[in-house]
S.K.: 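The structure under discussion is supplied below as structure tokens; questions concerning it will follow.
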Amino acid sequence: MIKFEKFKLDNGLTVIVHQDNSTPLACINILYDVGARDENPEQTGFAHLFEHLMFGGSVNVPNYDEPLQRVGGENNAFTTNDITNYYLTLPSENLETGFWLESDRMMSLAFSEKSLEVQRNVVIEEFKQRYLNQPYGDVWLLLRPLAYKVHPYKWDTIGKEISHIENAKIEDVKNFFKRFYTPDNAIVVVAGNVQLENVKRLSEKWFATIPKGSNAKRNLPKEPVQTEPRSLTVERDVPLDAIYKVYHMCSRNDKEYYAVDLLSDILSQGNSSRLHNELIKDKKIFSEIHAYVMGDFDKGLFVVSGKLTQGVSMELADESINAVLGKFKDELVSANELTKVKNKSEATHLFGEVDVLNKATNLAIAELMGDADLVNRETDKYLAVSADEIKEQANIIFRKENCSTLYYKSKK
């Protein structure tokens with residue numbers, strides 16, 4: 001059970017406080033409700049570019065890292081298609097330094113051509129290294145537009161193409177910041193060796209004067225139901241053939257999500273999982289194979305991906321996956337199998353509650369999904385899933401017309 005207090009400033013900033021005196025550290029996690037799905041289709045990669053720009057210094061603090069490191073702190077950030085999340089940890093007696101740094105860049109990020117140029121080059125280099133020049137690196141650049149035709153999940157967080165980042169103008173960047181990096185579009189979680197009253201005082205002191213934004217409502221196009229199977233075949237300079245099958249599924253917010261997540265665990269979690277047992281151990285069709293859910297805030301994807309054993313045909317690999325998935329549509333999973341993945345899920349949840357930074361991030365995401373207390377109810381939702389619900393979801397999801405397949409062939 002994660003105990004927390006919550007309050008809101010007049011400018012709309014939500015602040016959540018979780019006191020944990022077992023650690024000498026404090027953590028500040030700031031989640032901005034903006035991800036790649038909020039980008040202009042002609043200017044993609046901006047949310048991720050911003051993650052980099054936010055470390056380029058603000059008007060009063062030219063170098064964000066330096067003052068934080070001086071007081072024994074460290075920081076990082078990540079961007080997804082749904083959110084951008086910044087976090088720092090530091091000794092709790094230096095908590096105010098964290099408030100000062102975070103409020104200053106929310107209030108007045110330094111927009112200079114030089115900073116933009118530096119971070120633009122960093123992102124372009126990342127695009128090339130991780131997505132274009134790495135084996136299997138371009139998989140999601142191919143899969144997303146195959147699976148999505150309308151919804152902005154059809155591009156990756158890095159962006160559709162390098163030219164969108166190359167052509168990013170300072171004015172575009174400023175507008176993006178003004179629209180999304182506002183107190184009423186952010187959730188701050190302060191966790192660790194902290195006191196509620198002190199956090200309230202620091203929040204008022206450092207964040208209360210930042211004006212709220214225009215609060216533009218999100219209005220994204222809905223992805224139409226997929227009515228026929230899609231496929232794409234590519235050849236790349238990679239060691240092994242690979243196959244990627246993605247199916248449309250519910251969103252992270254839907255009640256069905258927990259059944260689907262457990263279904264992915266039964267398929268692929270650990271060496272006793274179905275895909276591992278049948279397709280790696282017994283039939284030796286794959287050298288590795290995985291199933292997982294994307295966990296997107298809008299309707300997302302169920303993914304099955306594997307690298308084929310040398311000499312195995314794509315047809316056989318494809319059929320063998322379909323056969324394993326098909327069993328879920330016809331038969332109920334055993335009580336033993338279901339109990340095992342539920343126990344693992346519960347253990348993972350409990351283990352995640354040990355780390356103060358984990359707790360802070362999870363509280364922020366839960367609050368964005370509607371209620372921070374979701375973190376305390378998640379385990380019960382997993383434990384309540386029945387075999388019937390898993391079978392029902394398998395029949396909804398694992399239909400051939402709901403599937404997009406990428407055949408990723410090794411150049412002979």
S.K.: Without hydrogens or angle criteria, can the side chains of Asp254 and Ser251 be said to hold a donor-acceptor pair below 3.5 Å?
M.R.: yes
S.K.: Indicate yes or no: at least one non-hydrogen side-chain atom of Leu88 is less than 4.5 angstrom from one of Leu68.
M.R.: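 Yes; the side chains approach each other to less than 4.5 Å.
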S.K.: Is the closest side-chain heavy-atom distance between Val238 and Tyr408 below 4.5 Å?
M.R.: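 Yes - at least one pair of side-chain heavy atoms lies under 4.5 Å apart.
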S.K.: Would you call Arg377 and Asp371 a salt bridge, taking side-chain N to carboxylate O under 4.0 Å as the test?
M.R.: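 Asp371 and Arg377: salt-bridged.
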S.K.: Can you establish whether the number of heavy atoms outside Lys409 located under 6.0 Å from its atom NZ is more than 12?
M.R.: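 At most 12 heavy atoms, drawn from other residues, nucleotides or ligands, come within 6.0 Å of this atom.
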S.K.: Does NZ or CZ of Lys307 come closer than 6.0 Å to the centre of the six-membered ring of Phe286, within 45° of the ring's axis?
M.R.: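 Negative - Lys307 is either too far from the ring of Phe286 or too far off its axis.
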S.K.: Name all residues meeting the ring pair (Phe, Tyr, Trp, His ring centres under 6.0 Å) criterion together with Tyr87; count only those two or more places apart in sequence or in a different chain, and write none if there are none.
M.R.: none
S.K.: Give, for atom CZ of Phe127 and atom OG of Ser163, the distance between the pair rounded to the nearest 0.5 Å.
M.R.: 8.5 Å
S.K.: Between Tyr148 and Leu301, is any pair of side-chain heavy atoms under 4.5 Å apart?
M.R.: yes
S.K.: If only atom types and distance count, is the side chain of Glu51 paired as donor or acceptor with the main-chain N or O of Thr79 below 3.5 Å?
M.R.: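 Pair found, side chain donor or acceptor close to backbone of Thr79.
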S.K.: So which pairs with a foot in residues 166-179 pass side-chain hydrogen bond (donor to acceptor under 3.5 Å, both in side chains), sequence neighbours left out?
M.R.: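 Applying side-chain hydrogen bond (donor to acceptor under 3.5 Å, both in side chains) to every pair that reaches into residues 166-179, excluding sequence neighbours, yields Gln43-Asp172.
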S.K.: Taking NZ, NE, NH1 and NH2 as the nitrogens, is one of them in Glu117 or Lys114 under 4.0 Å from a carboxylate oxygen of the other?
M.R.: no
S.K.: Any donor-acceptor pair under 3.5 Å linking the side-chain atoms of Lys340 with those of Ser272?
M.R.: yes
S.K.: So if I apply the side-chain contact (heavy atoms from CB on, under 4.5 Å) rule between Pro152 and each of Thr44, Asp38, Asn40, Leu220, which one comes out positive?
M.R.: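 Filter result, single survivor: Leu220.
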S.K.: Are any of the side-chain nitrogens in Lys245 or Asp318 under 4.0 Å away from the carboxylate oxygens of its partner?
M.R.: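 Here Lys245 pairs with Asp318 in a salt bridge, since their nearest N and O are under 4.0 Å apart.
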S.K.: Determine whether more than 12 heavy atoms belonging to other residues, nucleotides or ligands lie under 6.0 Å from atom CG of Asn133.
M.R.: yes
S.K.: Are any of the side-chain nitrogens in Arg218 or Glu39 under 4.0 Å away from the carboxylate oxygens of its partner?
M.R.: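 The answer is no: the pair does not qualify as a salt bridge.
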S.K.: Answer yes or no: is there an ion pair linking Lys154 with Glu223, defined by an N-O contact shorter than 4.0 Å?
M.R.: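 No, this pair does not count.
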S.K.: Just how far is it from atom CG of Leu357 to atom OG1 of Thr89, taken to the nearest 0.5 Å?
M.R.: 6.5 Å
S.K.: When you measure from the centre of the six-membered ring of Phe99, is the NZ or CZ of Arg201 closer than 6.0 Å and no more than 45° off the axis?
M.R.: no
S.K.: Who are the salt bridge (charged side-chain N to carboxylate O under 4.0 Å, His left out) partners of Glu126, not counting sequence neighbours?
M.R.: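 Checked Glu126 against salt bridge (charged side-chain N to carboxylate O under 4.0 Å, His left out); matches are Arg130.
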S.K.: Regarding Glu278 and Lys281, does a basic nitrogen lie under 4.0 Å from an acidic carboxylate oxygen?
M.R.: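 No, this pair does not count.
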S.K.: Do the side chains of Glu228 and Lys400 get close enough for a salt bridge, i.e. N-O under 4.0 angstrom?
M.R.: no
S.K.: Is Arg37 close enough and on-axis enough to Tyr153, meaning under 6.0 Å and within 45°, for cation-pi?
M.R.: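 No, cation not above the ring by the 6.0 Å, 45° rule.
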S.K.: So does Asp355 pair up with Lys359, basic N to acidic O under 4.0 Å?
M.R.: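 So Asp355 does not pair with Lys359 through a salt bridge.
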S.K.: Looking at Asp20 and Lys3, is there a salt bridge between them, counting it only when a charged N and a carboxylate O are closer than 4.0 Å?
M.R.: no
S.K.: Please check if the number of heavy atoms outside Glu161 that lie under 6.0 Å from its CD is greater than 12.
M.R.: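 Atom CD in Glu161 is packed in, count exceeds 12.
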S.K.: So is Arg274 actually on top of Phe328's ring, under 6.0 Å and inside 45° of the axis?
M.R.: yes
